[in-house]
Amino acid sequence: MLSFLKLIRLPNLIIIALTQYVMRYFIIQPILAINRIHLQLSDIDFAILVVATLFIAAGGYIINDYFDCKADRLNKREVIVGRRISRRISLMLHQVLSFVGLVLGGYVSYKVGHWQFVLIFFMAGGLLWFYSTSYKNHFILGNLVLAFIGAAIPFLVVIFEIPPLNKTYAEVLVASKTNFDYLLYWVGAFSFFSFFAVLIHQFIRDLVSVKGDKEIGRRSLPSVIGFRWTKIIIVGLILFLCVSVFGVWYQFLNAPLDKITPWYFILLIILPLLLLAYLVIKLKKDESLKLGVFLLRMAILAGISYAFIVNHILSNTNF
């Protein structure tokens, strides 16, 4: 059982579920409540949406390990497929989880009146399969695919919430000549942050795995442009993300009465990212970057958890 939980990356799945629940109940719900509008997707259907996302993700983790055994051995990572869980069982688990995720995603798509949304789950499963078999061996392509999927996780919540909102409040929207696009902007900011955080994480993973990647012929970023230039790109992306976080606060969240957000961003997001940049600059070949990865994950969790701050601010503000 422990091997299975490691295979499906249980901590990552918990973060995925937490992200989606936080988006719904601590971003979308309080923002809608300002205008006395209520969530329309039922709690049960939303839970099914989250489970569908988790099953697709778990299937993706399994198939990635299935095709990555040799690289993991060369990079001295723990190998589960073929040792603790047979390759045949691993492949079967991938197929079952992906199929169930697709079925559940299709059900929720039908419930919101847009059956074609099931293509999102079909495409995600397909991208994870082709990432594992091909895309990750191509220059940057695999990194971008995973970053895109990471950005889609919070965005799924608003995509599946807006159709029933439009249906229920159609007359109100027509009379007021408004829409729910502002929800896309709020959740889109979290997706933007997730995209670049995942991209940075993938480049760091490639940086510390360059030896094994070269052995199997994978055209990762450091394999193609070199160790030094990869570090420069990673540091550049980190600084860009820091500036973006500051820019979002300055341009959209700089409220006179909000004393929490600037300090939250500086201490829990920007500072860990700057420390990560310093560690990347100092990194030498064949060294690990465990502390740096921890700092990045801390910044990612802080970025997601900012939703709690948003909820607190909105619940204590008179509109």
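FYI, the numbering just counts along the sequence from 1. Note that the structure is predicted; figures quoted are calculated from it, not measured.
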query = Are any non-hydrogen side-chain atoms of Phe46 and Glu161 less than 4.5 angstrom apart?
reply =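 SC-SC contact between Phe46 and Glu161 ruled out.
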
ask   = Does Phe308 belong to the same Ile/Leu/Val/Met/Phe/Trp/Tyr cluster as Ile313, with side-chain heavy atoms less than 4.5 Å apart forming each link?
value =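 Result: yes, single cluster for both.
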
message = Would you compute the distance between atom CD1 of Ile269 and atom CZ of Phe193 and round it to the nearest 0.5 angstrom?
response =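 Reported value, rounded in 0.5 Å steps: 5.0 Å.
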
Joint cluster assignment, Ile225 & Ile200, ILVMFWY side-chain distance < 4.5 Å =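 Yes, same cluster.
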
Over 12 foreign heavy atoms within 6.0 Å of CZ, Phe130 =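 Not more than 12 within 6.0 Å, no.
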
query = So which heavy atom on Ile56 is nearest to which on Ala124, and how close?
reply =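 Shortest heavy-atom contact: CG2-CB, 4.1 Å.
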
query = Taking atom CG of Leu104 and atom OG1 of Thr53, what is their separation to the nearest 0.5 Å?
reply =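 Rounded to the nearest 0.5 Å, the CG-OG1 separation comes out at 9.5 Å.
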
message = Can you confirm whether Lys231 is buried at NZ, in the sense that more than 12 heavy atoms of other residues, nucleotides or ligands lie under 6.0 Å from that atom?
response =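 For Lys231, atom NZ is crowded (more than 12 foreign heavy atoms under 6.0 Å).
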
task = Kindly give the heavy-atom pair with the smallest separation between Asn137 and Thr133, and that separation in Å.
result =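 Of all heavy-atom pairs spanning Asn137 and Thr133, the closest is ND2-O, 3.9 Å.
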
query = Does any N or O in the side chain of Asn35 come within less than 3.5 Å of the main-chain N or O of Ile37, such that one atom is a donor and the other an acceptor?
reply =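 No.
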
inquiry  = Is it true that, when you exclude Phe99 itself, more than 12 heavy atoms of the residues, nucleotides or ligands shown sit nearer than 6.0 Å to its CZ?
reply    =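 Count not over threshold, so no.
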
query = Do side-chain atoms of Ser191 reach the backbone of Ala151 as a donor and acceptor pair under 3.5 angstrom?
reply =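 Checking the backbone N and O of Ala151 against the side chain of Ser191, a donor-acceptor pair under 3.5 Å is found.
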
key: Sidechain-backbone polar pair: Tyr264 side chain, Ala302 backbone, donor-acceptor under 3.5 Å   =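 Answer holds: yes.
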
ask   = Can you tell me if CZ on Phe294 sees more than 12 non-hydrogen neighbours from other groups inside 6.0 Å?
value =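 For Phe294, atom CZ is not crowded (no more than 12 foreign heavy atoms under 6.0 Å).
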
ask   = Does CD belonging to Glu171 count more than 12 external heavy atoms closer than 6.0 Å?
value =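 Count not over threshold, so no.
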
ask   = So, does Gln251 use its side chain to make a donor-acceptor pair with the main chain of Trp249 at under 3.5 Å?
value =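 Checking the backbone N and O of Trp249 against the side chain of Gln251, no donor-acceptor pair under 3.5 Å is found.
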
request  = Please assess Ile233 against Leu237 for the test side-chain contact (heavy atoms from CB on, under 4.5 Å), listing each intermediate value before the final yes or no.
outcome  = CA-CA 6 Å; Ile233 289 176; Leu237 287 173; 4.2 Å; yes

query = Just how far is it from atom CG of Leu127 to atom CG of Leu146, taken to the nearest 0.5 Å?
reply =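 Atom-to-atom, Leu127:CG and Leu146:CG are 9.5 Å apart.
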
task = Check whether any side-chain heavy atom of Leu144 lies under 4.5 Å from a side-chain heavy atom of Phe195, and answer yes or no.
result =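 In short, these two side chains touch, coming nearer than 4.5 Å.
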
request  = Apply side-chain contact (heavy atoms from CB on, under 4.5 Å) to Phe26 and Ile309, showing your working.
outcome  = CA-CA 9 Å; Phe26 291 89; Ile309 305 300; over 6 Å; no

query = Where is the tightest heavy-atom contact between Phe121 and Gly105, given as atom of each residue plus distance?
reply =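 Shortest heavy-atom separation between Phe121 and Gly105 comes out as CE1-CA, 3.5 Å.
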
task = Decide yes or no for Val198 and Phe148: does some side-chain heavy atom of the first lie under 4.5 Å from some side-chain heavy atom of the second?
result =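 Val198 vs Phe148: side chains apart.
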
query = Should Trp115 and Leu119 be regarded as members of a common hydrophobic cluster, given that ILVMFWY residues are connected when their side-chain heavy atoms come within less than 4.5 Å of each other, either directly or indirectly?
reply =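 Result: no, two separate clusters.
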
message = Testing the basics here: between Asp258 and Pro262, what is the closest heavy-atom pair and its distance to 0.1 Å?
response =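 It is O-CD, 3.8 Å.
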
message = Looking at every non-hydrogen atom in both residues, tell me the closest pair between Leu97 and Ala58 and how far apart they are.
response =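 What the structure gives for the nearest pair is CD1-CB, 3.9 Å.
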
query = Do Phe265 and Leu253 touch side chain to side chain, with heavy atoms closer than 4.5 Å?
reply =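 Of all side-chain heavy-atom pairs linking Leu253 with Phe265, at least one is under 4.5 Å.
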
request  = Treating Ile, Leu, Val, Met, Phe, Trp and Tyr as nodes and any side-chain heavy-atom pair under 4.5 angstrom as an edge, say whether Val248 and Val243 lie in one connected cluster.
outcome  =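 Different clusters: Val248 never reaches Val243 through Ile, Leu, Val, Met, Phe, Trp or Tyr contacts under 4.5 Å.
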
ask   = How close do Val81 and Arg87 get, heavy atom to heavy atom, and via which atoms?
value =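 In this case the closest contact between Val81 and Arg87 is CG1-CG, 3.8 Å.
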
task = Can you establish whether the number of heavy atoms outside Tyr250 located under 6.0 Å from its atom OH is more than 12?
result =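 12 or below, so no.
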
Rounded distance [0.5 Å steps], CD1 in Ile270 versus CG in Leu239 =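 The CG atom of Leu239 is 11.0 Å from CD1 of Ile270, to the nearest 0.5 Å.
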
ask   = When hydrophobic residues are tied together by side-chain contacts of less than 4.5 Å, even through go-betweens, does Phe117 share a cluster with Ile44?
value =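 Yes, it is one cluster - the side chains of Phe117 and Ile44 are joined through contacts under 4.5 Å.
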
message = Can you confirm whether Val158 sits close enough to Met23 that some side-chain heavy atom of one is under 4.5 Å from a side-chain heavy atom of the other?
response =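 No, too far: nothing below the 4.5 Å cut-off.
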
ask   = So does Phe139 have more than 12 non-hydrogen atoms from other groups sitting under 6.0 Å from CZ?
value =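 Yes, because the 6.0 Å sphere around CZ of Phe139 holds more than 12 heavy atoms from other groups.
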
task = Tell me, with the steps shown, if Leu93 and Ile8 meet side-chain contact (heavy atoms from CB on, under 4.5 Å).
result = CA-CA 10 Å; Leu93 287 171; Ile8 63 173; over 6 Å; no

ask   = How far does OG of Ser42 sit from CD1 of Ile48, to the nearest 0.5 angstrom?
value =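 Here the interatomic distance stands at 7.0 Å.
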
ask   = Salt bridge or not for Arg24 and Asp43, using N-O below 4.0 Å?
value =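 Salt bridge: yes.
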
inquiry  = Aromatic contact between Tyr66 and Trp129, with the criterion being ring centroids under 6.0 Å apart: yes or no?
reply    =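 Distance test on ring centres: not under 6.0 Å, no.
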
inquiry  = side-chain contact (heavy atoms from CB on, under 4.5 Å), that's the test. Do Ile300 and His201 meet it? Break it down for me.
reply    = CA-CA 10 Å; Ile300 292 173; His201 182 272; 5.5 Å; no

query = Any side-chain heavy atom of Leu183 within less than 4.5 Å of one from Leu165?
reply =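 Yes; the side chains approach each other to less than 4.5 Å.
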
request  = Return yes if some donor-acceptor pair links the side-chain N/O of Arg9 with the main-chain N/O of Leu7 below 3.5 Å, else return no.
outcome  =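 Such a contact is found between Arg9 side chain and Leu7 backbone.
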
Heavy-atom side-chain contact between Val157 and Val187 under 4.5 Å =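 The answer is no, as the side chains (C-beta and beyond) never meet within the 4.5 Å cut-off.
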
request  = Determine the sole option in Phe240, Phe203, Phe190 for which the ring pair (Phe, Tyr, Trp, His ring centres under 6.0 Å) test with Phe196 is passed.
outcome  =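 Exactly one candidate clears the test, Phe240.
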
message = So Leu276 and Val235, do their side chains get closer than 4.5 Å, heavy atoms only?
response =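 No, their side chains stay 4.5 Å or more apart.
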
key: Distance (rounded to the nearest 0.5 Å) between His138 NE2 and Arg218 CZ   =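 Nearest 0.5 Å value for the NE2-CZ distance: 11.5 Å.
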
task = Examine distances only and state if a side-chain atom of Tyr306 and a backbone atom of Thr261 form a donor-acceptor pair shorter than 3.5 Å.
result =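 Pair absent, no side-chain N/O of Tyr306 close to backbone of Thr261.
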
key: Option among Leu275, Leu279, Leu273 that satisfies the side chain to side chain contact (heavy atoms under 4.5 Å, CB included) test with Leu296   =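 Exactly one option meets the side chain to side chain contact (heavy atoms under 4.5 Å, CB included) with Leu296, and it is Leu273.
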
